Protein chains: 2
Amino acid sequence: MASPNPLKKALKKEGLRYTQQRQSIWDEMCATDEHRDAEEIYLSLRNEGMNVSRATVYRTIDVLVKNNLVRKLELGDGRARYEHKMDSGHHDHLICVQCGKIEEFMDETIEERQDQIVDDLGFKLIRHIHQLFVICNDCQ
Amino acid sequence: MASPNPLKKALKKEGLRYTQQRQSIWDEMCATDEHRDAEEIYLSLRNEGMNVSRATVYRTIDVLVKNNLVRKLELGDGRARYEHKMDSGHHDHLICVQCGKIEEFMDETIEERQDQIVDDLGFKLIRHIHQLFVICNDCQ
DNA sequence: CTGCTATTGATAATGAGTCTCAGAAGTTAA
DNA sequence: TTAACTTCTGAGACTCATTATCAATAGCAG
Ligand SMILES: [Mn+2]
Ligand SMILES: [Mn+2]
Ligand SMILES: [Zn+2]
Ligand SMILES: [Zn+2]
């Protein structure tokens with residue numbers, strides 16, 4: 001009864017077909033809480049014996065992002081990373097410039113100030129990127 | 001007496017040669033407070049009759065960024081933007097997702113919270129990206 | 001000036017992401 | 001179930017910002 005599959009729901013809403021590839025890619029996205037790029041997801045699927053193409057990985061990720069099941073991270077190094085949004089609330093990221101490790105943070109004060117700034121200008125906030133580039137514990 | 005040319009200073013510090021191209025590119029960067037991409041800077045120079053190559057524009061911008069004369073902005077659309085750091089203090093950006101207009105903001109509270117978050121984790125803050133994607137006044 | 005090197009322009013290469021299109025597979029109605 | 005219709009997929013071509021290559025050019029130290 002309860003809809004157990006958010007992917008199916010999203011596909012239905014969009015009038016898209018439910019396919020093996022789309023399910024596999026979504027499963028793979030949910031398999032870890034890491035922040036992986038499209039190539040890593042593609043290679044994981046291949047290693048598991050799944051025959052899927054890079055194009056389909058990119059196409060499916062687009063659907064997932066559009067339907068709020070996955071978040072896209074732009075770290076400014078030319079490769080987008082992705083994380084599923086199943087169990088986590090909103091957060092932003094700390095990225096170690098040495099080892100690349102990614103940590104998460106969430107600060108209510110900052111979130112409020114952001115809204116305030118946008119309000120004061122009469123704009124409408126759509127989304128934000130807030131990334132702290134650091135040297136982590138292990139790297140100092 | 002007073003060092004009038006920050007470019008010359010930077011080049012000397014790096015042991016690099018002072019060239020016509022590097023001066024022109026720096027001049028062009030300082031000509032406006034806009035946030036332009038490499039191609040726009042390249043085309044402006046060509047329009048002014050300067051014979052310079054794209055490669056040299058990219059190479060020179062790298063030098064300027066490395067020496068803190070220019071800031072690179074990654075807006076996630078595949079083209080980096082650049083702004084000179086001559087007269088402006090630190091600020092972050094609001095970007096209209098409709099018209100692409102870029103506004104600037106600076107919030108002391110946010111800056112403090114950032115430092116606090118990084119301190120609490122025992123990390124060292126190197127730099128940060130904070131971008132608010134909005135729909136601006138003109139676009140609603 | 002001369003000679004040594006860094007720099008440059010033209011252009012090839014790179015690489016993440018997108019597009020194309022013929023064949024494969026999901027969907028619908030009978 | 002099958003047929004008919006469409007969407008989806010895989011392979012590989014393509015795009016486009018940026019980087020690398022390399023022979024020719026031009027700073028600069030002596
Ligand atoms: Mn995250
Ligand atoms: Mn700015
Ligand atoms: Zn680290
Ligand atoms: Zn706008």
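Treat the numbers as computed from the prediction; the structure is a model and nothing was measured. In the text below, chain A, chain B and the rest are named by the order of the sequence lines, each starting its count at 1.
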Side-chain donor-acceptor pair under 3.5 Å between A/Glu83 and A/His91, yes or no? yes
Interatomic distance where CD1 belongs to A/Ile41 and P belongs to C/dA16 [whole Å]: 14 Å
Can you check whether any acceptor in the base of C/dT5 is under 3.5 Å from a donor in the side chain of B/Arg17, or vice versa? yes
Is it the case that A/Arg46 and A/Tyr42 place a side-chain donor and acceptor less than 3.5 Å from each other? yes
The residue, B/Tyr18 or B/Asp62, whose nearest nucleotide of DNA chain D is more 5′ is B/Asp62
Have B/His93 and B/His130 got a donor and an acceptor in their side chains that come within less than 3.5 Å? no
Measure CD/A/Glu39 against P/C/dT14 and give the value in whole Å, please. 16 Å
C/dA25, OP1 or OP2 - any side-chain N/O from A/Gln21 closer than 4.0 Å? no
Short side-chain N/O contact from A/Arg54 to OP1 or OP2 of C/dG17, under 4.0 Å: no
Separation of C/dG26 atom C1' from A/Gln23 atom CD, nearest Å, is 15 Å
Just how far, in rounded Å, is P of D/dT18 from CG of B/Leu75? 11 Å
Any B/Thr56 side-chain N or O less than 4.0 Å from OP1/OP2 of C/dT7: no
Rounded to the Å, how far apart are A/Glu14 CD and D/dT6 C1'? 17 Å
What is the separation between atom CG on B/Leu73 and atom C1' on D/dA17, rounded to the nearest whole Å? 16 Å
5'-most contact on DNA chain D: B/Tyr82 or B/Leu16, nearest heavy atom basis? B/Tyr82
Any B/Tyr58 side-chain nitrogen or oxygen under 4.0 Å from OP1 or OP2 of D/dT18: yes
Select base, sugar-phosphate, or nothing to describe what A/Asn51 touches, counting heavy atoms under 4.0 Å on all strands. sugar-phosphate
Closest of D/dT18, D/dT9, D/dG27 to the B/Gln20 side chain is D/dG27
Check: B/Arg59 side chain, C/dG9 base, donor-acceptor under 3.5 Å: yes
Ignoring hydrogens and geometry beyond distance, is the side chain of A/Arg79 in donor-acceptor contact with the base of C/dG17 at under 3.5 Å? no
Would you tell me if any nitrogen or oxygen in the side chain of A/Arg22 comes within less than 4.0 Å of OP1 or OP2 on D/dT9? yes
Classify the side-chain pair B/Gln116/A/Asp107 by whether it contains a donor and acceptor separated by less than 3.5 Å. no
Against the six-membered ring of A/Tyr82, is A/Lys72 placed for a cation-pi contact (under 6.0 Å from the centre, within 45° of the normal)? no
For atom NZ of B/Lys72 and atom C1' of D/dA17, their distance in whole Å: 10 Å
No-hydrogen, no-angle side-chain donor-acceptor test under 3.5 Å, A/His90 and A/Glu104: no
Does OP1 or OP2 of D/dG12 have a side-chain N or O of A/Ser53 closer than 4.0 Å? no
Check the distance between C/dA16's P and B/Asp77's CG and give it to me in whole angstrom. 18 Å
